[in-house]
Amino acid sequence: MAQRREIAAVYTAAVAQGVALVTFPAASAIFMSPRYFGLSSTAYGAMFLPQAVMAVAAPLMGAGLGRRLGIKRVYLLGLVADLTAMGLLVASQFTRGTELAYGLLLLATGSLGIGFGLTVPALNTYANAFFPLKADSAVLILNALLGVGTTLAPVFVTLFVGLGIWWGLPLLVAALLLALLVFSLPLALRIATDGEQLASTNRAVRPPRFWLYAGFAFLYGIVETMNGNWVTLYMRESLGATVAVASLALTVFWATVTGGRLLFAAVERWWPEARVYRILPFVAATALVVIASLPAGAPSLGVLAVGLAGLGCSALLPLTVSFGQRELTAIASSVAGGLIAFYQMGYGVAAFGVGPLHERAGLKLHVIFGATTVVALGMAALASRVVRRRRN
């Protein structure tokens, strides 16, 4: 019974983390609207820089923290950081029109980066440990639940904006995180990798194959973030979509990310993970070509193309983590944190880099989406090497 409660806590935390993660990009119209924060494209992109920096630093420190504090405390610290981020985001609403508002947003995204960087590797490690005989499927399902949260965030933003209280979403997420903290505190949440094994893996030299996985995670972070952070602006500027349709596109992206993870976990008997891993980067590349080629005034086609991009992204990150943990056994406990760090590096490149390219260099968003096809094809090349090396 105790383990069931622990599993419930871990998988519920994935949903909460997903909602928290997408709260900021889902509210992009609020941040860039002159009526609210009035941020430029560059300022909006720069808002995510603290998140990327802290999300890279946090998992890299996670193994050391796990050695000293245990994985449960690392998980709880991540939830506290997420809760702090939501509180700062709510507070920013009441300082609009002042320099303090943007400072609070930067602190909020930085805190969210810490929360994501500590919580997500811990959750992936828990899923792997709870279901060792079905590790790939367990991690896929965990990340599908994280995707459920990312799908819900744009829906809730649209709802709360309609009610005139956009900050209702971070307030709701804060309440969920607080309840989850209270539920998790009395649980044991211990796994075999606590203690001495964490200490040894933290000092282990990373084998060459780790960098293959890390490179894939970095490229994946760029592709996912192009859609997750910039698709609403692309829909409005390039395709002339309304704010509601742009939010729908973001919801569809995260819904197909989530649906793909559940689908590929369910059909693993007929479609082995290795085959899925090789094919999905080409699906993502195809979607990016379509997005770059759509004519103005075709928002419905944009929604469909973004949905295809979500399917292309769906299983790639969780499979990268689970493949890495199973293959790189000498450093298994630190693999999730390391790969999440590289994923966040890619997130930072796309989240921050697109703003200056769009605003200062004058590149249209559909051109930037098209250029990202090269990144997706790079993922395809690395995926083939990952699968081939795992077989050897």
Side-chain angles (χ1 to χ4, degrees), residues 19-55 85-86 88-93 95-113 116 150 153-154 156-158 160-161 166-167 169-170 221-247 249-251 253-254 291 302 306 344-369 371-372:
V19 180
L21 182 65
V22 182
T23 294
F24 288 87
S28 61
I30 295 296
F31 296 130
M32 301 179 74
S33 169
R35 181 182 171 189
Y36 292 97
F37 291 89
L39 301 183
S40 65
S41 297
T42 300
Y44 170 72
M47 189 176 77
F48 295 96
L49 189 57
Q51 177 181 333
V53 171
M54 298 313 298
M86 296 300 103
L88 289 167
L89 181 54
V90 172
S92 70
Q93 158 67 15
T95 60
R96 285 188 296 117
T98 69
E99 293 183 1
L100 179 60
Y102 192 63
L104 288 175
L105 291 176
L106 294 175
L107 288 173
T109 58
S111 186
L112 181 62
F116 182 86
T150 60
F156 281 131
V157 164
T158 302
F160 284 117
V161 168
W166 71 267
W167 44 268
L169 176 57
I222 294 174
V223 173
E224 183 195 272
T225 306
M226 275 303 304
N227 292 280
N229 278 39
W230 294 101
V231 74
T232 54
L233 185 61
Y234 159 80
M235 291 288 295
R236 296 197 306 271
E237 287 193 0
S238 298
L239 301 186
T242 63
V243 172
V245 173
S247 295
L250 184 61
T251 301
F253 172 73
W254 289 116
I291 290 170
V306 170
Q344 281 294 312
M345 290 180 193
Y347 177 99
V349 167
F352 176 69
V354 171
L357 288 174
H358 177 52
E359 190 171 277
R360 297 178 184 174
L363 291 179
K364 299 295 186 182
L365 282 173
H366 72 270
V367 174
I368 301 174
F369 271 92
T372 310

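Atoms considered below: every heavy atom in the structure, side chains included; atoms not considered: hydrogens, waters and symmetry mates. Treat the numbers as computed from the prediction; the structure is a model and nothing was measured.
No side-chain donor-acceptor contact under 3.5 Å links T150 to the backbone of V22. Not one N or O on the side chain of Q344 forms a donor-acceptor pair closer than 3.5 Å with the backbone of A55. Checked by atom type and distance alone, the side chain of W166 never pairs as donor or acceptor with a backbone atom of Q93 at under 3.5 Å. No donor-acceptor distance shorter than 3.5 angstrom exists from the side chain of S238 to the backbone of M235, with no hydrogens or angles considered. Checking side-chain atoms of T95 against main-chain N and O of T98 turns up no donor-acceptor pair under 3.5 Å. A donor-acceptor pair under 3.5 Å is formed between the side chain of S92 and the backbone N or O of L89. Looking at R96, its side chain does come within 3.5 Å of a backbone N or O of R35 through a donor-acceptor pair. Under a 3.5 Å cut-off, the side chain of T23 and the backbone N or O of V19 do form a donor-acceptor pair. Listed for the Y102 side chain is a donor-acceptor partner under 3.5 Å among the backbone atoms of A43.
The NZ atom of K364 lies 7.5 Å from the CD atom of E237; values are rounded to the nearest 0.5 Å. Distance check, rounded to the nearest 0.5 Å: CG of L107 to CG of L100 gives 9.0 Å. Distance check, rounded to the nearest 0.5 Å: CG of L21 to OG1 of T109 gives 11.5 Å. With rounding to the nearest 0.5 Å, the separation of CH2 in W167 from CZ in F160 is 9.0 Å. Between the CG atom in L169 and the OG1 atom in T158 there is a gap of 10.0 Å [rounded to 0.5 Å].
Residues L39 and M47 come closest through the heavy atom pair CD1-SD, 4.1 Å. Shown here for A29 and V243, the closest heavy-atom pair between the two residues is CB-CG1, 4.2 Å. The minimum heavy-atom distance linking S28 with T232 is given by the pair OG-OG1, 2.9 Å. Of all the heavy atoms in G348 and A52, the pair that sits closest is CA-CB, 3.4 Å. Summarising the geometry of G228 relative to W254, their closest heavy-atom pair is CA-CZ2, 4.1 Å, with the distance given to 0.1 Å. Here the closest non-hydrogen pair linking S41 and W230 is O-CH2, 3.8 Å.
Annotation: side chain of Y347 is in contact with side chain of N229 (closest heavy-atom distance under 4.5 Å). Within the 4.5 Å cutoff, the side chain of F369 has heavy atoms near those of the N227 side chain. Side-chain atoms of M226 and I291, non-hydrogen and from C-beta on, never get closer than 4.5 Å to each other.
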Passes side-chain contact (heavy atoms from CB on, under 4.5 Å), F352 versus Q51? Steps please.
CA-CA 10 Å; F352 176 69; Q51 177 181 333; over 6 Å; no

### Task
Any chance you could lay out the side-chain contact (heavy atoms from CB on, under 4.5 Å) test for V157 and S247, step after step, and finish with the verdict?
CA-CA 9 Å; V157 164; S247 295; 5.7 Å; no

Worked check of side-chain contact (heavy atoms from CB on, under 4.5 Å) between V354 and L365: CA-CA 8 Å; V354 171; L365 282 173; 3.8 Å; yes

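In this pair, F48 and Y44 present their aromatic rings perpendicular. The plane angle is above 60°, beyond the 30 to 60° band.
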